[in-house]
Each structure stands twice: as structure tokens, then as C-alpha cells.
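Report on one structure; see the data block that follows.
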Amino acid sequence: MSLSRFFKDVMNKVFVYSNYELVNTVITLFQLRRLRYWAFREIVSSIGDCDGYLLDLGAGDGSMTRFVIHNGLRHRPVILLDPAINGLKLVGDQYSDIIDKVVGVGEYLPIRHGSICAVYTSFALRQFGNKSMALLEVRRILRRGGGSFIVLEFWRPDNPLTYAILLFYLVLVLPLLVSIVAPREVWDYATMRITVRGGIGGISWLRRLIGGELVGNVVLHRTYLEYSY
């Protein structure tokens, strides 16, 4: 089974059995809203005069897009794309006048060339099976000269000591937290350590990957407790 298929199956279960938003809030040590707000500001500042679609890549249950809409972008059309259909089902019909839901994967985006003003992804990139292919697809669909790619992600630290602390958190602390708020999904959330150890690289890995011009010019890079966008 491929890594992408494995995580699609895991996330389909998570969306059915757990309070996804509550669990994410707890396991980010109640920093989730602040992190999303930082990403939201970058989305707003990046779209400029572009009046086309936005793409929420790896949208899950649409939490990031709901945050974007609630904070002011109420009239921009958005495509929510995710391989886990159970997540998209949770979006319901809310904002159906501006939201389109698509079941798909980041490596093969069913979207027209150069048609998207901004792509944003929230804690999903590390689950893509072929990240280089996904970045090439992002580059293909973004508007030339004005499209932006905003990434909010949980990266593997380059510093060995920080990495050891992170593994301690993922192996021991995170399962304990999940057992309190979503006991049926302890194992599924524990797979986060797989994505951190083997599914994603460090910050320097991201710089090299994007620096190869897979997406385009990199104009902003910030980190916060190894979260980055």
C-alpha cells in the first residue's frame, strides 16, 4: 500500500470517529488558531488583484477554509480538494455558493493550467506520496506572475536535540493527549510520527525542494516552533 493510500484510509477513519478540530487544537498545544491566522494573513496579502479561485489543497474537513471565510474572505470562490471523502462530507452545504468540493490527490490536480490565484495547504503536505510531483502540479495551476503557494506544516527539526524532543512528544505525549479527547483514534493520530520521521524533511529540505524552482520565487519563510509557512 502506498503512503498516500495509507494516510487516506487513516484520515477517512479520523473524520468519522474523532472531533477533528478539538484534537488538532489540543495536539498543537492550543496554538492552532494563531498558526492559522498567520497563514490567513499571507493568503490575503498574496492574492492582490487576482479575482480567480483559491485552492485548499488537502482540505480535510475544510477547517482552514472556514477560518479564511470567517475572517473576511467571504466572496472568494474556493476549491476544497482532498483524497479523504469523509472529510469533505463534513463540510456539508455551508458556503455552497462559493465552495466546490473535489475528491483528488495533490500529485494529479484536476484543475486547469494557470487558473488558481493562491494555493494553501494546512498540515497536509507531509502526507503526499510524491511531494515533488505535487509541487510541480501547484506550479502548473497557479496564475503566472501572481499566484502564491502558502504552506502551514509541521516540519522535522534540523537540530538533533529539538528533533529528539519532538519525537518524545509524538511517541509519548501526543498519544496521551489524544486518549483524553478522542480515545478511539489514539493509534491513527500516533501515525503522525511516521509522517515526521519519513514523510517530511526538515526546514532545510523544504528550502532545497522549493529552491529547485518547482514552484517559483520564494518571497517569505517564517518558522514558529518548527511550524512553517
Once rounded to the nearest 0.5 Å, what's the spacing between atom [atom1] of [X] and atom [atom2] of [Y]?
X      : Y      : atom1 : atom2 : value
Tyr120 : Leu55  : OH    : CG    : 8.0 Å
Gln31  : Asn24  : CD    : CG    : 13.5 Å
Ile47  : Ser148 : CD1   : OG    : 9.0 Å
Thr25  : Tyr20  : OG1   : OH    : 10.5 Å
Leu54  : Leu73  : CG    : CG    : 7.0 Å
Phe123 : Leu35  : CZ    : CG    : 5.0 Å

Q. Given the rule in the side-chain contact (heavy atoms from CB on, under 4.5 Å) test, do Val103 and Leu88 qualify, once you have shown the distances and angles that lead to the verdict?
A. CA-CA 8 Å; Val103 177; Leu88 295 175; 3.8 Å; yes
Linking I/L/V/M/F/W/Y whenever any side-chain heavy atoms sit under 4.5 Å apart, do [X] and [Y] land together?
X      : Y      : result
Leu172 : Leu176 : no
Ile180 : Val171 : yes
Phe30  : Leu166 : yes
Tyr169 : Ile165 : no

Determine the minimum heavy-atom distance between [X] and [Y], stating which atoms define it.
X      : Y      : value
Cys117 : Arg76  : SG-NH2, 3.9 Å
Gly52  : Pro77  : O-CG, 4.0 Å
Arg33  : Phe67  : NH1-CE1, 3.5 Å
Gly104 : Leu81  : O-CD2, 3.3 Å
Leu170 : Pro175 : O-CD, 3.2 Å
Ile98  : Arg74  : CD1-O, 3.5 Å

Q: Could you give me the CA-CA distance, side-chain angles and deciding distance for Tyr95 and Thr65, then say whether side-chain contact (heavy atoms from CB on, under 4.5 Å) is met?
A: CA-CA 10 Å; Tyr95 307 116; Thr65 290; over 6 Å; no
Any donor-acceptor pair under 3.5 Å from [X] side chain to [Y] backbone:
X      : Y      : answer
Arg144 : Leu142 : yes
Ser122 : Leu152 : no
Lys101 : Asp93  : no
Arg139 : Ala134 : no
Asp56  : Leu80  : no
Arg140 : Leu109 : yes

**Q.** Presence of salt bridge, Arg36 and Glu21, under 4.0 angstrom
**A.** yes
Q: Show your working on side-chain contact (heavy atoms from CB on, under 4.5 Å) between Asn86 and Lys89 and close with a plain yes or no.
A: CA-CA 5 Å; Asn86 287 338; Lys89 285 180 178 179; 4.1 Å; yes
Q: Begin with the C-alpha distance, continue with both residues' side-chain angles, and end with the deciding distance and a verdict on side-chain contact (heavy atoms from CB on, under 4.5 Å) for Ile150 and Met64.
A: CA-CA 12 Å; Ile150 296 95; Met64 185 65 203; over 6 Å; no
Q: Test Ile79 against every option in Ile99, Ile141, Ile111 by the side chain to side chain contact (heavy atoms under 4.5 Å, CB included) rule and name the one that passes.
A: Ile111
Q: Using a cut-off of 6.0 Å, state whether more than 12 heavy atoms not belonging to Arg112 lie near its atom CZ.
A: no
